[in-house]
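Worksheet: the structure to be examined is printed underneath.
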Number of protein chains: 2
Amino acid sequence: MPRAGLTPEAVVDTAINILDAEGVGAVTLAAVASRVGVAAPSLYKHVRNLDALRRLIAIRIFHELADRLTEVVMGRSRDEALRELLLAYRRYAIEFPHRYAALPQAPPNDPELAAAGERVVEVIFAVLRGYRLEGEQLVHAARCVRAAAHGFASLETLGGFGRPESVDASFDTLIRILTDGLGKGTD
Amino acid sequence: MPRAGLTPEAVVDTAINILDAEGVGAVTLAAVASRVGVAAPSLYKHVRNLDALRRLIAIRIFHELADRLTEVVMGRSRDEALRELLLAYRRYAIEFPHRYAALPQAPPNDPELAAAGERVVEVIFAVLRGYRLEGEQLVHAARCVRAAAHGFASLETLGGFGRPESVDASFDTLIRILTDGLGKGTD
DNA sequence: CTAAAAAGCTAATGTCATTAGCTTTGAGGG
DNA sequence: CCCTCAAAGCTAATGACATTAGCTTTTTAG
(Lines give C-alpha, C1' and ligand atoms only; values in the text may rest on other atoms or scores of the structure.)
Protein backbone atom coordinates (compact mmCIF):
# COMPACT_ATOMS: atom_id res chain seq x y z
CA MET A 1 0.00 0.00 0.00
CA PRO A 2 2.18 2.86 -1.25
CA ARG A 3 1.68 6.60 -1.12
CA ALA A 4 -1.38 8.18 0.47
CA GLY A 5 -3.48 6.25 2.92
CA LEU A 6 -6.30 5.98 0.41
CA THR A 7 -8.80 3.19 0.93
CA PRO A 8 -12.38 2.79 -0.23
CA GLU A 9 -13.42 3.79 3.29
CA ALA A 10 -11.35 6.96 3.19
CA VAL A 11 -12.85 7.84 -0.16
CA VAL A 12 -16.32 7.38 1.25
CA ASP A 13 -15.39 9.49 4.28
CA THR A 14 -14.31 12.33 2.06
CA ALA A 15 -17.33 11.98 -0.16
CA ILE A 16 -19.60 12.20 2.87
CA ASN A 17 -17.81 15.32 4.03
CA ILE A 18 -18.48 16.90 0.68
CA LEU A 19 -22.04 15.64 0.78
CA ASP A 20 -22.69 17.21 4.17
CA ALA A 21 -21.08 20.48 3.19
CA GLU A 22 -22.32 21.00 -0.33
CA GLY A 23 -25.12 18.57 -1.04
CA VAL A 24 -25.72 15.60 -3.25
CA GLY A 25 -24.89 17.41 -6.46
CA ALA A 26 -21.41 18.28 -5.27
CA VAL A 27 -20.38 14.68 -4.77
CA THR A 28 -18.30 14.13 -7.90
CA LEU A 29 -15.19 12.08 -8.37
CA ALA A 30 -13.41 15.26 -9.36
CA ALA A 31 -14.36 16.92 -6.08
CA VAL A 32 -13.37 13.91 -4.00
CA ALA A 33 -10.06 13.57 -5.80
CA SER A 34 -9.22 17.22 -5.36
CA ARG A 35 -10.16 17.14 -1.68
CA VAL A 36 -8.10 14.02 -1.12
CA GLY A 37 -5.14 15.32 -3.08
CA VAL A 38 -4.95 12.85 -5.95
CA ALA A 39 -5.81 13.03 -9.61
CA ALA A 40 -9.34 11.98 -10.43
CA PRO A 41 -8.44 8.79 -12.29
CA SER A 42 -6.54 7.55 -9.25
CA LEU A 43 -9.82 7.09 -7.43
CA TYR A 44 -10.66 4.25 -9.75
CA LYS A 45 -8.05 2.24 -7.91
CA HIS A 46 -10.33 2.31 -4.86
CA VAL A 47 -13.82 2.58 -6.26
CA ARG A 48 -15.28 1.12 -9.42
CA ASN A 49 -16.94 4.35 -10.54
CA LEU A 50 -19.19 7.15 -9.35
CA ASP A 51 -22.24 4.92 -9.05
CA ALA A 52 -20.28 2.47 -6.97
CA LEU A 53 -19.20 5.31 -4.70
CA ARG A 54 -22.79 6.43 -4.33
CA ARG A 55 -23.71 2.91 -3.43
CA LEU A 56 -21.04 2.75 -0.74
CA ILE A 57 -22.23 6.07 0.60
CA ALA A 58 -25.81 4.85 0.76
CA ILE A 59 -24.79 1.69 2.55
CA ARG A 60 -22.85 3.70 5.10
CA ILE A 61 -25.78 6.02 5.69
CA PHE A 62 -28.32 3.24 6.01
CA HIS A 63 -26.19 1.57 8.65
CA GLU A 64 -25.69 4.79 10.51
CA LEU A 65 -29.42 5.48 10.53
CA ALA A 66 -30.24 1.92 11.50
CA ASP A 67 -27.75 2.10 14.37
CA ARG A 68 -29.43 5.17 15.75
CA LEU A 69 -32.87 3.71 15.46
CA THR A 70 -31.78 0.48 17.08
CA GLU A 71 -30.24 2.38 19.94
CA VAL A 72 -33.31 4.39 20.93
CA VAL A 73 -35.62 1.44 20.57
CA MET A 74 -33.77 -0.88 22.90
CA GLY A 75 -35.37 -1.20 26.28
CA ARG A 76 -38.62 0.39 25.18
CA SER A 77 -41.84 -1.00 23.79
CA ARG A 78 -45.07 -0.08 22.08
CA ASP A 79 -46.01 3.58 22.02
CA GLU A 80 -42.85 4.68 23.74
CA ALA A 81 -40.67 2.68 21.39
CA LEU A 82 -42.54 3.85 18.33
CA ARG A 83 -42.39 7.43 19.47
CA GLU A 84 -38.65 7.33 20.04
CA LEU A 85 -38.12 5.54 16.79
CA LEU A 86 -39.95 8.22 14.84
CA LEU A 87 -38.22 11.01 16.70
CA ALA A 88 -34.80 9.50 16.08
CA TYR A 89 -35.62 9.04 12.42
CA ARG A 90 -36.55 12.67 12.01
CA ARG A 91 -33.61 13.80 14.12
CA TYR A 92 -31.22 12.02 11.80
CA ALA A 93 -32.75 13.59 8.72
CA ILE A 94 -32.57 17.04 10.24
CA GLU A 95 -29.03 16.60 11.47
CA PHE A 96 -27.81 15.29 8.11
CA PRO A 97 -30.25 16.47 5.48
CA HIS A 98 -27.90 15.82 2.60
CA ARG A 99 -27.13 12.32 3.79
CA TYR A 100 -30.82 11.69 4.06
CA ALA A 101 -31.38 13.06 0.58
CA ALA A 102 -28.63 10.80 -0.77
CA LEU A 103 -30.43 7.74 0.46
CA PRO A 104 -32.83 5.79 -1.75
CA GLN A 105 -33.24 7.31 -5.23
CA ALA A 106 -33.44 3.94 -6.97
CA PRO A 107 -34.46 0.36 -6.38
CA PRO A 108 -31.34 -1.38 -5.11
CA ASN A 109 -30.34 -4.27 -7.34
CA ASP A 110 -27.59 -4.83 -4.88
CA PRO A 111 -27.70 -7.27 -1.97
CA GLU A 112 -25.44 -5.34 0.38
CA LEU A 113 -27.32 -2.09 -0.13
CA ALA A 114 -30.62 -3.87 0.22
CA ALA A 115 -29.44 -5.47 3.44
CA ALA A 116 -28.42 -2.11 4.86
CA GLY A 117 -31.80 -0.64 4.03
CA GLU A 118 -33.45 -3.71 5.41
CA ARG A 119 -31.90 -3.03 8.78
CA VAL A 120 -33.98 0.13 9.05
CA VAL A 121 -37.09 -1.80 8.15
CA GLU A 122 -36.24 -4.48 10.67
CA VAL A 123 -36.18 -1.99 13.52
CA ILE A 124 -39.65 -0.87 12.55
CA PHE A 125 -40.79 -4.46 12.43
CA ALA A 126 -39.33 -5.13 15.84
CA VAL A 127 -41.23 -2.24 17.35
CA LEU A 128 -44.48 -3.19 15.68
CA ARG A 129 -44.30 -6.75 16.86
CA GLY A 130 -44.80 -5.23 20.28
CA TYR A 131 -48.31 -4.30 19.15
CA ARG A 132 -49.14 -7.97 18.65
CA LEU A 133 -49.07 -7.39 14.92
CA GLU A 134 -47.94 -10.27 12.79
CA GLY A 135 -47.95 -11.60 9.26
CA GLU A 136 -49.62 -9.44 6.70
CA GLN A 137 -50.83 -6.86 9.19
CA LEU A 138 -47.32 -6.38 10.40
CA VAL A 139 -46.12 -5.63 6.90
CA HIS A 140 -48.92 -3.15 6.27
CA ALA A 141 -48.25 -1.37 9.52
CA ALA A 142 -44.53 -1.21 8.86
CA ARG A 143 -45.11 0.28 5.44
CA CYS A 144 -47.33 2.92 6.96
CA VAL A 145 -44.80 3.83 9.60
CA ARG A 146 -42.02 3.95 7.08
CA ALA A 147 -44.04 6.02 4.64
CA ALA A 148 -45.03 8.50 7.32
CA ALA A 149 -41.51 8.85 8.68
CA HIS A 150 -39.89 9.10 5.28
CA GLY A 151 -42.50 11.46 3.91
CA PHE A 152 -42.22 13.80 6.84
CA ALA A 153 -38.44 13.75 6.90
CA SER A 154 -38.24 14.19 3.18
CA LEU A 155 -40.64 17.10 3.04
CA GLU A 156 -39.11 18.80 6.04
CA THR A 157 -35.51 18.54 4.90
CA LEU A 158 -36.45 19.72 1.43
CA GLY A 159 -38.02 22.79 2.94
CA GLY A 160 -41.52 21.66 2.17
CA PHE A 161 -43.10 23.00 5.33
CA GLY A 162 -43.18 26.71 4.75
CA ARG A 163 -45.80 27.86 7.21
CA PRO A 164 -44.91 29.27 10.58
CA GLU A 165 -46.66 26.63 12.68
CA SER A 166 -44.34 24.44 14.73
CA VAL A 167 -43.03 21.48 12.79
CA ASP A 168 -42.32 19.73 16.08
CA ALA A 169 -45.99 19.96 16.93
CA SER A 170 -46.94 18.61 13.52
CA PHE A 171 -44.65 15.66 14.09
CA ASP A 172 -46.23 15.05 17.46
CA THR A 173 -49.55 14.91 15.70
CA LEU A 174 -48.16 12.35 13.29
CA ILE A 175 -46.86 10.27 16.17
CA ARG A 176 -50.23 10.43 17.86
CA ILE A 177 -52.06 9.38 14.72
CA LEU A 178 -49.74 6.44 14.22
CA THR A 179 -49.74 5.19 17.77
CA ASP A 180 -53.53 5.52 17.93
CA GLY A 181 -53.97 3.79 14.61
CA LEU A 182 -51.69 0.88 15.45
CA GLY A 183 -53.09 0.34 18.89
CA LYS A 184 -56.41 -0.81 17.54
CA GLY A 185 -56.52 -4.13 15.67
CA THR A 186 -57.23 -4.45 12.00
CA ASP A 187 -60.65 -4.19 10.52
CA MET B 1 -42.42 32.78 -34.95
CA PRO B 2 -40.19 31.46 -37.76
CA ARG B 3 -39.13 27.89 -38.52
CA ALA B 4 -40.19 25.01 -36.30
CA GLY B 5 -43.16 25.41 -34.02
CA LEU B 6 -40.92 25.51 -31.00
CA THR B 7 -42.26 27.22 -27.90
CA PRO B 8 -41.39 26.85 -24.24
CA GLU B 9 -44.48 24.68 -23.91
CA ALA B 10 -43.41 22.40 -26.74
CA VAL B 11 -39.99 22.06 -25.18
CA VAL B 12 -41.58 21.08 -21.89
CA ASP B 13 -43.85 18.60 -23.70
CA THR B 14 -40.87 16.91 -25.26
CA ALA B 15 -38.95 16.94 -22.03
CA ILE B 16 -41.84 15.26 -20.25
CA ASN B 17 -42.00 12.60 -22.96
CA ILE B 18 -38.36 11.87 -22.36
CA LEU B 19 -38.94 11.95 -18.63
CA ASP B 20 -41.74 9.40 -18.83
CA ALA B 21 -39.81 7.15 -21.14
CA GLU B 22 -36.33 7.25 -19.70
CA GLY B 23 -36.43 8.83 -16.29
CA VAL B 24 -35.20 11.98 -14.65
CA GLY B 25 -31.58 11.43 -15.57
CA ALA B 26 -32.36 11.33 -19.28
CA VAL B 27 -33.85 14.80 -19.32
CA THR B 28 -30.96 16.76 -20.81
CA LEU B 29 -31.00 19.67 -23.18
CA ALA B 30 -29.07 17.55 -25.62
CA ALA B 31 -31.76 14.87 -25.54
CA VAL B 32 -34.60 17.36 -25.90
CA ALA B 33 -32.86 19.13 -28.77
CA SER B 34 -32.21 15.92 -30.61
CA ARG B 35 -35.77 14.73 -30.12
CA VAL B 36 -37.15 18.04 -31.30
CA GLY B 37 -34.80 18.25 -34.25
CA VAL B 38 -32.77 21.34 -33.43
CA ALA B 39 -29.24 21.90 -32.25
CA ALA B 40 -28.86 22.06 -28.50
CA PRO B 41 -27.98 25.74 -28.30
CA SER B 42 -31.20 26.60 -30.11
CA LEU B 43 -33.18 25.59 -27.07
CA TYR B 44 -31.81 28.56 -25.22
CA LYS B 45 -34.09 30.68 -27.38
CA HIS B 46 -37.03 29.14 -25.55
CA VAL B 47 -35.74 28.23 -22.14
CA ARG B 48 -33.18 29.98 -19.99
CA ASN B 49 -31.21 26.85 -19.16
CA LEU B 50 -31.61 23.31 -17.89
CA ASP B 51 -32.63 24.37 -14.41
CA ALA B 52 -35.28 26.63 -15.85
CA LEU B 53 -36.59 23.74 -17.91
CA ARG B 54 -36.73 21.55 -14.83
CA ARG B 55 -38.64 24.28 -13.08
CA LEU B 56 -41.18 24.48 -15.91
CA ILE B 57 -41.53 20.72 -15.83
CA ALA B 58 -42.15 20.75 -12.09
CA ILE B 59 -44.76 23.48 -12.43
CA ARG B 60 -46.54 21.52 -15.11
CA ILE B 61 -46.53 18.37 -13.02
CA PHE B 62 -47.74 20.11 -9.86
CA HIS B 63 -50.67 21.55 -11.76
CA GLU B 64 -51.49 18.23 -13.32
CA LEU B 65 -51.43 16.51 -9.96
CA ALA B 66 -53.43 19.28 -8.32
CA ASP B 67 -56.04 19.07 -11.09
CA ARG B 68 -56.52 15.39 -10.47
CA LEU B 69 -56.79 15.81 -6.75
CA THR B 70 -59.23 18.64 -7.13
CA GLU B 71 -61.35 16.57 -9.43
CA VAL B 72 -61.81 13.58 -7.15
CA VAL B 73 -62.43 15.71 -4.10
CA MET B 74 -65.26 17.72 -5.53
CA GLY B 75 -68.64 16.65 -4.32
CA ARG B 76 -67.23 14.56 -1.49
CA SER B 77 -66.43 15.27 2.10
CA ARG B 78 -64.66 13.98 5.15
CA ASP B 79 -63.55 10.35 5.10
CA GLU B 80 -64.76 9.78 1.58
CA ALA B 81 -63.01 12.89 0.28
CA LEU B 82 -59.81 12.09 2.13
CA ARG B 83 -59.84 8.54 0.88
CA GLU B 84 -60.32 9.56 -2.74
CA LEU B 85 -57.68 12.25 -2.37
CA LEU B 86 -55.13 9.77 -1.13
CA LEU B 87 -56.04 7.21 -3.74
CA ALA B 88 -55.75 9.76 -6.54
CA TYR B 89 -52.41 10.92 -5.21
CA ARG B 90 -51.02 7.43 -5.24
CA ARG B 91 -52.59 6.68 -8.59
CA TYR B 92 -50.81 9.63 -10.14
CA ALA B 93 -47.46 8.57 -8.74
CA ILE B 94 -47.91 5.04 -10.02
CA GLU B 95 -49.10 6.16 -13.44
CA PHE B 96 -46.23 8.62 -13.87
CA PRO B 97 -43.45 7.53 -11.53
CA HIS B 98 -40.81 9.58 -13.29
CA ARG B 99 -42.93 12.70 -13.21
CA TYR B 100 -43.49 12.13 -9.54
CA ALA B 101 -39.79 11.63 -8.97
CA ALA B 102 -39.06 14.87 -10.83
CA LEU B 103 -41.17 16.82 -8.43
CA PRO B 104 -39.69 18.50 -5.35
CA GLN B 105 -35.94 17.94 -4.93
CA ALA B 106 -35.28 21.45 -3.64
CA PRO B 107 -36.89 24.32 -1.79
CA PRO B 108 -38.54 26.46 -4.46
CA ASN B 109 -37.18 29.97 -4.39
CA ASP B 110 -39.61 30.66 -7.13
CA PRO B 111 -43.11 32.07 -6.71
CA GLU B 112 -44.73 30.32 -9.66
CA LEU B 113 -43.35 26.95 -8.69
CA ALA B 114 -44.31 27.52 -5.08
CA ALA B 115 -47.82 28.45 -6.16
CA ALA B 116 -48.17 25.29 -8.20
CA GLY B 117 -47.05 23.18 -5.27
CA GLU B 118 -49.33 25.13 -3.01
CA ARG B 119 -52.32 24.06 -5.09
CA VAL B 120 -51.72 20.49 -3.98
CA VAL B 121 -51.54 21.60 -0.38
CA GLU B 122 -54.70 23.63 -0.77
CA VAL B 123 -56.70 20.60 -1.83
CA ILE B 124 -55.56 18.83 1.30
CA PHE B 125 -56.55 21.83 3.38
CA ALA B 126 -59.94 21.95 1.76
CA VAL B 127 -60.61 18.33 2.62
CA LEU B 128 -59.41 18.71 6.17
CA ARG B 129 -61.57 21.72 6.85
CA GLY B 130 -64.41 19.26 6.50
CA TYR B 131 -63.16 17.68 9.73
CA ARG B 132 -63.80 20.95 11.59
CA LEU B 133 -60.07 21.43 11.79
CA GLU B 134 -58.81 24.98 11.72
CA GLY B 135 -55.82 27.16 12.48
CA GLU B 136 -52.81 25.38 13.82
CA GLN B 137 -54.48 21.97 14.00
CA LEU B 138 -55.38 22.22 10.36
CA VAL B 139 -51.76 22.84 9.43
CA HIS B 140 -50.54 19.92 11.52
CA ALA B 141 -53.12 17.61 10.02
CA ALA B 142 -52.31 18.72 6.49
CA ARG B 143 -48.63 18.10 7.05
CA CYS B 144 -49.38 14.61 8.29
CA VAL B 145 -51.55 13.80 5.31
CA ARG B 146 -49.01 15.18 2.91
CA ALA B 147 -46.15 13.36 4.58
CA ALA B 148 -48.02 10.07 4.53
CA ALA B 149 -49.12 10.41 0.92
CA HIS B 150 -45.73 11.55 -0.30
CA GLY B 151 -43.83 8.99 1.71
CA PHE B 152 -45.94 6.14 0.49
CA ALA B 153 -45.88 7.28 -3.13
CA SER B 154 -42.18 7.93 -3.00
CA LEU B 155 -41.31 4.58 -1.47
CA GLU B 156 -43.62 2.66 -3.73
CA THR B 157 -42.48 4.25 -6.98
CA LEU B 158 -38.85 3.82 -6.01
CA GLY B 159 -39.47 0.15 -5.49
CA GLY B 160 -39.18 0.36 -1.75
CA PHE B 161 -41.87 -2.17 -0.97
CA GLY B 162 -40.23 -5.43 -1.82
CA ARG B 163 -42.34 -7.91 0.09
CA PRO B 164 -45.14 -9.87 -1.52
CA GLU B 165 -47.95 -8.52 0.62
CA SER B 166 -50.46 -6.39 -1.27
CA VAL B 167 -49.44 -2.76 -1.48
CA ASP B 168 -53.06 -1.82 -2.08
CA ALA B 169 -53.92 -3.32 1.26
CA SER B 170 -51.09 -1.43 2.92
CA PHE B 171 -52.41 1.78 1.46
CA ASP B 172 -55.87 0.96 2.76
CA THR B 173 -54.32 0.61 6.17
CA LEU B 174 -52.72 4.00 5.80
CA ILE B 175 -56.04 5.53 4.79
CA ARG B 176 -57.73 3.95 7.79
CA ILE B 177 -55.09 5.23 10.17
CA LEU B 178 -55.38 8.73 8.80
CA THR B 179 -59.15 8.92 8.73
CA ASP B 180 -59.34 7.49 12.23
CA GLY B 181 -56.68 9.83 13.50
CA LEU B 182 -58.25 12.93 12.03
CA GLY B 183 -61.75 12.09 13.10
CA LYS B 184 -60.91 12.54 16.73
CA GLY B 185 -60.10 16.03 17.94
CA THR B 186 -56.67 17.06 19.15
CA ASP B 187 -55.35 16.18 22.52
C1' DC C 1 -40.78 45.25 -50.28
C1' DT C 2 -37.84 45.76 -46.37
C1' DA C 3 -35.91 45.95 -41.80
C1' DA C 4 -35.53 44.07 -37.43
C1' DA C 5 -36.62 40.58 -34.23
C1' DA C 6 -36.99 35.72 -33.70
C1' DA C 7 -35.14 31.22 -34.21
C1' DG C 8 -31.44 28.52 -35.84
C1' DC C 9 -26.70 27.24 -36.48
C1' DT C 10 -21.62 26.40 -35.83
C1' DA C 11 -17.64 26.88 -33.06
C1' DA C 12 -15.58 27.03 -28.70
C1' DT C 13 -15.04 26.44 -23.62
C1' DG C 14 -15.36 24.16 -19.33
C1' DT C 15 -16.70 20.39 -16.26
C1' DC C 16 -17.10 15.57 -15.47
C1' DA C 17 -16.60 10.55 -15.93
C1' DT C 18 -14.04 7.11 -17.60
C1' DT C 19 -10.34 4.38 -20.12
C1' DA C 20 -5.63 3.34 -21.56
C1' DG C 21 -1.16 2.95 -20.67
C1' DC C 22 3.03 4.48 -18.26
C1' DT C 23 5.65 5.33 -13.72
C1' DT C 24 6.70 5.17 -8.96
C1' DT C 25 6.66 3.13 -4.47
C1' DG C 26 7.16 0.15 -0.90
C1' DA C 27 6.56 -4.52 1.15
C1' DG C 28 8.23 -9.10 1.27
C1' DG C 29 11.18 -12.79 -0.13
C1' DG C 30 15.63 -13.89 -0.90
C1' DC D 1 20.45 -5.11 1.81
C1' DC D 2 18.47 -5.76 -2.83
C1' DC D 3 15.03 -6.95 -6.23
C1' DT D 4 10.67 -7.72 -7.91
C1' DC D 5 6.01 -6.90 -8.61
C1' DA D 6 1.59 -5.44 -7.56
C1' DA D 7 -0.63 -1.57 -5.80
C1' DA D 8 -1.39 3.29 -6.24
C1' DG D 9 -0.51 7.26 -8.88
C1' DC D 10 -0.18 10.00 -12.97
C1' DT D 11 -0.90 12.09 -17.69
C1' DA D 12 -3.26 12.03 -21.96
C1' DA D 13 -7.33 11.29 -24.46
C1' DT D 14 -12.32 10.60 -25.36
C1' DG D 15 -17.03 11.53 -25.01
C1' DA D 16 -21.31 13.63 -22.75
C1' DC D 17 -23.32 17.84 -21.58
C1' DA D 18 -24.25 22.72 -20.58
C1' DT D 19 -23.53 27.04 -21.90
C1' DT D 20 -21.81 31.32 -24.40
C1' DA D 21 -20.60 34.06 -28.45
C1' DG D 22 -21.43 35.52 -32.74
C1' DC D 23 -23.20 34.70 -37.42
C1' DT D 24 -27.24 33.49 -40.66
C1' DT D 25 -31.79 32.73 -42.06
C1' DT D 26 -36.73 33.46 -41.59
C1' DT D 27 -40.72 35.81 -40.76
C1' DT D 28 -43.57 39.17 -39.64
C1' DA D 29 -44.86 43.86 -39.12
C1' DG D 30 -45.19 47.97 -41.35
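We name chains A, B, ... by the order of the sequence lines, and we start the count at 1 in each one.
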Indicate the atoms forming the closest heavy-atom contact of B:Val24 with B:His98, along with that distance.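 So the two residues come closest at CG2-O, 3.9 Å.
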
Could you tell me whether the phosphate oxygens of D:dG9, OP1 or OP2, come under 4.0 Å of any side-chain nitrogen or oxygen in A:His46?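 Answer yes for this pair, as a side-chain N or O of A:His46 is under 4.0 Å from OP1 or OP2.
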
Within the structure, does a side-chain N or O atom of B:Ser42 lie under 4.0 Å from either OP1 or OP2 of C:dC9? yes

To the nearest angstrom, how far is [X] atom [atom1] from [N] atom [atom2]?
X	N	atom1	atom2	value
A:Leu43	D:dG9	CG	P	9 Å
A:Leu50	C:dA17	CG	P	6 Å
A:Leu6	D:dG9	CG	C1'	10 Å
B:Lys45	D:dC23	NZ	C1'	10 Å
A:Arg48	C:dA17	CZ	C1'	15 Å
A:Tyr44	C:dC16	OH	P	13 Å

What is the ring orientation for A:Tyr100 with A:His150, classed by angle as parallel under 30°, tilted 30 to 60°, or perpendicular over 60°?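 It falls in the tilted class, 30° to 60°.
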
Minimum-distance nucleotide (side-chain atoms of A:Ala40 versus D:dC17, C:dT18, C:dC9):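 From the listed options, C:dT18 comes nearest.
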
The side chain of A:Asn49 is closest to which nucleotide in this list: C:dC16, C:dG8, C:dT18? C:dT18

Just checking, A:Arg90 and A:Phe152: is the charged tip under 6.0 Å from the six-membered ring centre and within 45° of the axis?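 No, a cation-pi geometry is absent between A:Arg90 and A:Phe152.
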
Sugar-phosphate, base or nothing in reach of A:Ala39, heavy atoms under 4.0 Å: base

Could you grab the distance from atom OG1 of B:Thr173 to atom CD of A:Gln137, nearest 0.5 Å is fine? 6.0 Å

Pick the nucleotide of DNA chain C nearest each of A:Arg54 and B:Pro41; which residue has the one closer to the 5' end? B:Pro41

